[in-house]
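All values below come from the heavy atoms of this structure, side chains included, with hydrogens, waters and symmetry mates left out.
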Amino acid sequence: MIFIANWKSNGSLRINKEWCDNFKNKMKFNSKNLIGVAPSYVHFQNVKDQLKEVDVKVGAQDVDALGGARTGSINIDMLSDLNCDFVIIGHSERRLFFGEDSTDIRSKLESIYKKKILPIVCVGESYNDNKKGKTHKVLENQLNELFSNDLTTQEIFIAYEPIWAIGTGLTPNSETVNEIHQFIKDRVQFHTKNNIQLVTKKGLNIR
């Protein structure tokens, strides 16, 4: 199973220490599970240091594909210097609030591959698309624009993140999740022979 906690724009030195101490004291670690946390950039090293004694990956919530004269941006070289374990890209909030499209996300994916850091790519449909039965079409378009045969054969995680399920209390049932996972897996394998794993907000996965 795969469990990733995205902290978004939350946290402080005090809160991070309390969380990490509580997590280490109560969590039963299983080598078969991949557990990761994605704190804010400014707290990345602080959290990584606190979790160094346990089997927990620490990753970034996003990355800038270019770097250079782009004020406030964090590029993949910076994350590599910090021994970042994974990077989340394509999150629905990045698409919605920052106007990112699949071309932007593909560029980020290519930059991540250059440093051999694990990418976690989010895909998902809106509430209106879901109600109109357009889930497969939206996911297919996102994946078709993102992947092509010239990508390297490195490991990749695809996270199914239905936008309509974020903060609403609504969640897809396990049958729907499994069916969508299979659809995503088929589409990605059509484009690439990458080692693919699929996850959802609930931690369900299909290998």
Side-chain angles (χ1 to χ4, degrees), residues 1-67 70-98 100 105 108-109 111-124 154-163 165-171 197-205:
M1 298 291 284
I2 303 162
F3 302 89
I4 302 292
N6 178 6
W7 291 7
K8 305 189 180 183
S9 186
N10 295 293
S12 67
L13 294 179
R14 178 185 61 81
I15 291 174
N16 294 350
K17 186 178 187 309
E18 291 177 355
W19 189 93
C20 289
D21 287 345
N22 187 57
F23 180 75
K24 288 185 290 186
N25 289 333
K26 294 186 177 181
M27 183 67 185
K28 294 182 179 180
F29 296 94
N30 184 330
S31 60
K32 294 181 180 180
N33 295 329
L34 187 155
I35 300 174
V37 297
S40 72
Y41 288 126
V42 296
H43 295 139
F44 180 94
Q45 193 62 53
N46 171 259
V47 172
K48 193 170 183 68
D49 289 344
Q50 293 189 69
L51 296 176
K52 63 184 178 182
E53 299 175 356
V54 293
D55 188 17
V56 175
K57 307 298 183 183
V58 181
Q61 299 176 18
D62 189 45
V63 67
D64 189 281
L66 301 177
R70 296 167 65 80
T71 299
S73 296
I74 305 295
N75 67 39
I76 196 64
D77 291 321
M78 298 172 181
L79 295 181
S80 180
D81 284 344
L82 294 174
N83 294 316
C84 179
D85 294 312
F86 65 88
V87 183
I88 301 171
I89 56 176
H91 193 283
S92 60
E93 292 165 358
R94 298 293 308 183
R95 296 176 188 263
L96 180 62
F97 300 137
F98 297 91
E100 293 183 0
I105 297 162
K108 294 182 180 187
L109 178 62
S111 75
I112 295 169
Y113 272 161
K114 291 178 181 178
K115 292 297 181 179
K116 300 187 184 301
I117 297 174
L118 177 65
I120 299 176
V121 184
C122 300
V123 297
Q154 297 185 42
E155 187 175 36
I156 184 170
F157 282 23
I158 305 296
Y160 173 53
E161 183 198 33
I163 300 171
I166 300 175
T168 63
L170 302 174
T171 56
Q197 295 199 48
L198 301 114
V199 300
T200 69
K201 288 291 186 178
K202 290 296 184 181
L204 301 173
N205 77 316

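In terms of the side-chain hydrogen bond (donor to acceptor under 3.5 Å, both in side chains) criterion, residue partners of D64 (sequence neighbours excluded) are, by chain and number, R70, S73. Among residues two or more places apart in sequence or in another chain, the side-chain hydrogen bond (donor to acceptor under 3.5 Å, both in side chains) test is passed with K24 by none. With sequence neighbours excluded, the residues that form a ring pair (Phe, Tyr, Trp, His ring centres under 6.0 Å) with F23 are W19, F29. In this structure, the side-chain hydrogen bond (donor to acceptor under 3.5 Å, both in side chains) partners of S40, at least two apart in sequence or on a different chain, are H43. E100 is linked by a side-chain hydrogen bond (donor to acceptor under 3.5 Å, both in side chains) to R94, K108, counting only residues two or more places apart in sequence or in another chain. Here E18 pairs with R14 under the side chain to side chain contact (heavy atoms under 4.5 Å, CB included) rule; sequence neighbours left out.
Counting heavy atoms from C-beta on, the side chains of N16 and Q50 come closer than 4.5 Å. The closest side-chain heavy-atom distance from I35 to D55 is not below 4.5 Å. Taking the side chain as every heavy atom from C-beta outward, N83 and K48 approach each other to under 4.5 Å.
Rounding to the nearest 0.5 Å gives a distance of 11.0 Å between CD1 of I74 and SG of C84.
Side chains of E161 and H91: a donor on one and an acceptor on the other come within 3.5 Å.
In terms of modelled atom types and a separation under 3.5 Å, the side chain of D85 and the main chain of V58 share a donor-acceptor contact. With hydrogens and angles ignored, the 3.5 Å screen pairs a side-chain donor or acceptor of Y41 with a backbone N or O of D62.
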